[in-house]
Amino acid sequence: MACTLDLFGGDDPVQHGRVALGPQAVVLRGYALPVVDELLAGVDAVTAQAPFRHMETPGGYTMSVALTNCGGLGWTTDARGYRYSRIDPQSGQPWPAMPQSFLRLAADAAAEAGFPGFAPDACLVNRYEPGSRLSLHQDRNERDYAAPIVSVSLGMPAMFLFGGDARADRAERVPLFHGDVVVWGGVDRLRYHGVMPLQDLPHPQLGSVRINFTIRKAG
Ligand code: MD3
Ligand code: FE
């Protein structure tokens, strides 16, 4: 039995525990909370060098989610398509280095979820405002689907959509909260997923914003 939710015990009002989304997909509730301040300092360091921006999709739409990257490779989209690049197209410079706090958390969470030895080289940082959404998609621009993806949610809550291997498969709704970490790999690696339009439920520390970053092995 994987679930160790502690709803009523102790002084800590935040839920901890594991929620299985699939055979190799798990939510680690509150896993990032002990290091949130370090992670936010990392986000600030990254965005000082590579600010959040709204990118164009190949279909000609502007994404409602603003994004940036850190690490050796960064995910981008424009009229020519989706791809990973060593260079930030806005600055012409390499993406900022991946903060040590991101690497440590990602390796710990991946091992906790059954993926020891995770060696990521890319991190996509998303910023949501009220109304921002991410339509159902697969993450398939990475070279090696054997590596997991580790996702960290900070700030406002979001309703995550977790579908199947086909776009038309029914999607389960899973709320994600400040401090939650999700790890996906193996048979769940290519499942469709998305985020419903964010409601304005301001977070006490971050206000009306949600930050999600996904740590990946892209190259
Ligand atoms: C399920 N981001 O950046 S993280 C993305 O909250 C993305 O910003 C969402 O989807 C967000 O691509 C959700 C969760 C996530 C990431 C990778 C996955 C879910 C996944 C890969 C396979 C299956
Ligand atoms: Fe995704």
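Residues: numbered from 1 along the sequence shown. Note that the structure is a prediction, hence the values are computed from the model and not measured. In listed order, ligands and their atoms are each counted from 1. Both backbone and side-chain heavy atoms feed into the values below; hydrogens, waters and symmetry mates do not.
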With backbone taken as N, CA, C and O and side chain as the heavy atoms from C-beta onward, which portion of R216 lies under 4.0 Å from ligand 1: side chain, backbone, both, or neither? side chain
Criterion side chain to side chain donor-acceptor pair (under 3.5 Å) on H178 and D180, from CA distance to verdict: CA-CA 6 Å; H178 180 70; D180 287 351; over 6 Å; no
Pairs of nitrogen or oxygen atoms closer than 3.5 Å, one from R210 and one from ligand 1: do any exist? yes
Looking at D139, the N/O/S atom that lies nearest to the Fe ion (ligand 2) is called OD1
For L154 and V152, run side-chain contact (heavy atoms from CB on, under 4.5 Å): C-alpha distance rounded to whole Å, both residues' side-chain angles, the deciding distance at 0.1 Å, then the answer. CA-CA 7 Å; L154 298 173; V152 180; 4.3 Å; yes
How about W184 and F160: are their ring centroids closer than 6.0 Å? yes
Flag N126 as yes when one of its N or O atoms lies below 3.5 Å from any N or O atom of ligand 1, and as no otherwise. yes
Are any of the N or O atoms of S151 closer than 3.5 Å to those of ligand 1? no
Is it the case that over 12 heavy atoms from other parts of the model lie below 6.0 angstrom from the CZ atom of R53? yes
Could you tell me which atoms of ligand 1, counted from 1 in the order shown, lie closer than 4.0 angstrom to a heavy atom of R189? 21 (C), 22 (C), 23 (C)
Run the side-chain contact (heavy atoms from CB on, under 4.5 Å) check on T214 and W75 step by step: do they pass? CA-CA 11 Å; T214 41; W75 186 86; over 6 Å; no
Per-atom contacts of ligand 1 with V195, taking only distances under 4.0 Å to non-hydrogen atoms: 6 (O), 9 (C), 11 (C)
Polar contact flag, side-chain donor to acceptor under 3.5 angstrom, R216-Y84: yes
Residues I149, V183; criterion side-chain contact (heavy atoms from CB on, under 4.5 Å); working and verdict: CA-CA 6 Å; I149 293 179; V183 183; over 6 Å; no
Using a cut-off of 6.0 Å, state whether more than 12 heavy atoms not belonging to Y61 lie near its atom OH. no
Give me the residue, atom name and distance of the protein heavy atom closest to atom 18 (C) of ligand 1. H193 CE1, 3.4 Å
Near D188 (heavy-atom distance under 4.0 Å), the atoms of ligand 1 are 22 (C), 23 (C)
Stepwise salt bridge (Lys or Arg N to Asp or Glu O under 4.0 Å) check, E129 with R127: CA-CA 7 Å; E129 287 169 342; R127 186 192 66 197; 3.8 Å; yes
Taking a cutoff of less than 4.0 Å between a non-hydrogen atom of the residue and any ligand atom, is F160 in contact with ligand 1? yes
Ligand 1 atoms nearer than 4.0 angstrom to some heavy atom of T214 are 3 (O), 4 (S), 16 (C)
Consider every N or O of W184 and every N or O of ligand 1, then say whether any pair is closer than 3.5 Å. no
Taking 4.0 angstrom as the limit and counting only heavy atoms of F162, give me the atoms of ligand 1 inside it, by number and element. 1 (C), 23 (C)
Heavy-atom contact check, 4.0 Å cutoff: does V182 meet ligand 1? no
Identify, by atom number and element, the atoms of ligand 1 in contact range of L124, meaning under 4.0 Å from any of its heavy atoms. 3 (O)
With a cutoff of 4.0 Å, is Y192 in contact with ligand 1, counting heavy atoms of the residue only? no
Is it true that atom CD of E56 has more than 12 heavy atoms of other residues, nucleotides or ligands lying nearer than 6.0 Å? yes
Check each atom of ligand 1 against the heavy atoms of L134 and keep those under 4.0 Å away; list them by number with element. 2 (N), 7 (C), 9 (C), 10 (O)
One finds that the ligand 1 atoms under 4.0 Å from a non-hydrogen atom of I149 are 17 (C), 21 (C)
Answer yes or no on whether R210 is positioned over the face of Y128, meaning its NZ or CZ is under 6.0 Å from the six-membered ring centre and within 45° of the axis. yes
Any idea which part of L176 is under 4.0 Å from ligand 1, heavy-atom wise: side chain, backbone, both or neither? neither
N/O to N/O below 3.5 Å, does that happen between H137 and ligand 1? yes
Measure across V187 and Q24 and return the closest heavy-atom pair with its distance rounded to 0.1 Å. N-OE1, 2.9 Å
Mind running side-chain contact (heavy atoms from CB on, under 4.5 Å) on D88 and Q93 for me, showing each step along the way? CA-CA 6 Å; D88 175 352; Q93 296 296 122; 5.6 Å; no
How far is atom 8 (O) of ligand 1 from its nearest protein heavy atom, and which residue and atom name does that atom have? Y128 OH, 2.5 Å
Work out whether the distance between some heavy atom of Q138 and some atom of ligand 1 is less than 4.0 Å. no
Among all protein heavy atoms, pick out the one at the shortest distance from atom 17 (C) of ligand 1; state its residue, atom name and that distance to 0.1 Å. D139 OD2, 3.3 Å
Proximity of R133 to ligand 1 by residue part, where a heavy atom lies under 4.0 Å: neither
Check: F162 and R191 side chains under 4.5 Å, non-hydrogen atoms: yes
